[in-house]
**Student:** 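Quick one: this structure, given as structure tokens, is what I'll be asking you about.
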Amino acid sequence: MLTIICFFLLCPGMPQHESFDMNDEQATGDPCIEKILAEDAKLAEMRNTSSEIMSLAVSILNYVEGLEALDFNACPEGFQKAFKAHIGAWRDLVPTVQDYEDWRGEMHLLFDRIKSSKGGKAFKKKVDKVGKTWEAVMKES
């Protein structure tokens, strides 16, 4: 079974995103939702570490494009809408992180650095939106 370490625990202050665990009470019984959440967890794990070797913007775009390629058609409409908003929130981060093209490291560590940088306030608002849209996804799960 797929178990993902919640990156909320790895990086306090970050949205509780990759907390989906097929073994816990969040398992929905809806095969489409479970498949999307499992794929999201895999893509998120790659996103979190790929910024060690490529820019954060490219890492996030790869994650977003991976999510956009998933088939949501069999999922309930509310889940689809919530997840599409979540994908959009991640996409909205890209222009902000492009200012840090040369930075490398694990995504959460980079997020902490950006939050304490000159553009940190605007960045934090966008990260908060990612968290809020993830909460909506979980509500629809």
**Student:** How many angstroms lie between atom NZ of Lys129 and atom CG of Leu93, to the nearest 0.5 angstrom?
**Tutor:** 9.5 Å
**Student:** Can you tell me how far the CG atom of Asp30 sits from the CG atom of Leu37, to the nearest 0.5 Å?
**Tutor:** 9.5 Å
**Student:** Atom CG in Leu67, atom NE2 in His86: separation rounded to 0.5 Å?
**Tutor:** 7.0 Å
**Student:** Does Met138 share a hydrophobic cluster with Val130, counting links as ILVMFWY side-chain heavy atoms below 4.5 Å and allowing steps through other members?
**Tutor:** yes
**Student:** side-chain contact (heavy atoms from CB on, under 4.5 Å) between Leu61 and Arg91: does it pass, once the steps are laid out?
**Tutor:** CA-CA 7 Å; Leu61 281 173; Arg91 188 175 285 286; 3.6 Å; yes
**Student:** Nearest 0.5 Å, please: how far is CD in Glu106 from CG in Asp112?
**Tutor:** 9.0 Å
**Student:** What orientation do Phe72 and Phe83 show, parallel under 30°, tilted 30 to 60°, or perpendicular over 60°?
**Tutor:** tilted
**Student:** Would you give the length of the straight line joining atom CG of Asp40 to atom CD1 of Ile87, rounded to the nearest 0.5 angstrom?
**Tutor:** 8.5 Å
**Student:** Could you please spell out the steps behind the side-chain contact (heavy atoms from CB on, under 4.5 Å) verdict for Ile114 and Tyr100?
**Tutor:** CA-CA 8 Å; Ile114 294 169; Tyr100 308 94; 3.7 Å; yes
**Student:** Among Arg47, Met46, Met54, exactly one meets side chain to side chain contact (heavy atoms under 4.5 Å, CB included) together with Asn62. Which residue is that?
**Tutor:** Met54
**Student:** Return yes if some donor-acceptor pair links the side-chain N/O of Gln80 with the main-chain N/O of Cys75 below 3.5 Å, else return no.
**Tutor:** yes
**Student:** Which heavy atom of Ile33 sits nearest to which heavy atom of Glu140, and what is that distance?
**Tutor:** CD1-O, 3.9 Å
**Student:** Classify the ring geometry between His108 and Phe111 as parallel (under 30°), tilted (30 to 60°) or perpendicular (over 60°).
**Tutor:** perpendicular
**Student:** Under a 4.5 Å side-chain heavy-atom rule over Ile, Leu, Val, Met, Phe, Trp and Tyr, are Val58 and Leu43 clustered together?
**Tutor:** no
**Student:** Can a donor-acceptor pair be found, under 3.5 Å and without considering hydrogens, that links the side chain of Glu34 to the backbone of Gly29?
**Tutor:** yes
**Student:** Mind running side-chain contact (heavy atoms from CB on, under 4.5 Å) on Ser50 and Met107 for me, showing each step along the way?
**Tutor:** CA-CA 8 Å; Ser50 66; Met107 186 191 77; over 6 Å; no
**Student:** Determine the minimum heavy-atom distance between Glu101 and Arg104, stating which atoms define it.
**Tutor:** O-NH1, 2.5 Å
**Student:** Please enumerate all residues that pass side-chain contact (heavy atoms from CB on, under 4.5 Å) together with Lys81, with sequence neighbours excluded.
**Tutor:** none
**Student:** Quickly, which of Lys125, Lys132, Lys124, Lys126 forms a salt bridge (charged side-chain N to carboxylate O under 4.0 Å, His left out) with Asp128? Name it, please.
**Tutor:** Lys124
**Student:** To the nearest 0.5 Å, what is the distance between OG on Ser117 and CG on Asp99?
**Tutor:** 8.5 Å
**Student:** Determine yes or no for a side-chain-to-main-chain donor-acceptor pair under 3.5 angstrom, with Ser51 supplying the side chain and Gly105 the backbone.
**Tutor:** yes
**Student:** Would you call Lys42 and Glu45 a salt bridge, using N to O less than 4.0 angstrom?
**Tutor:** no
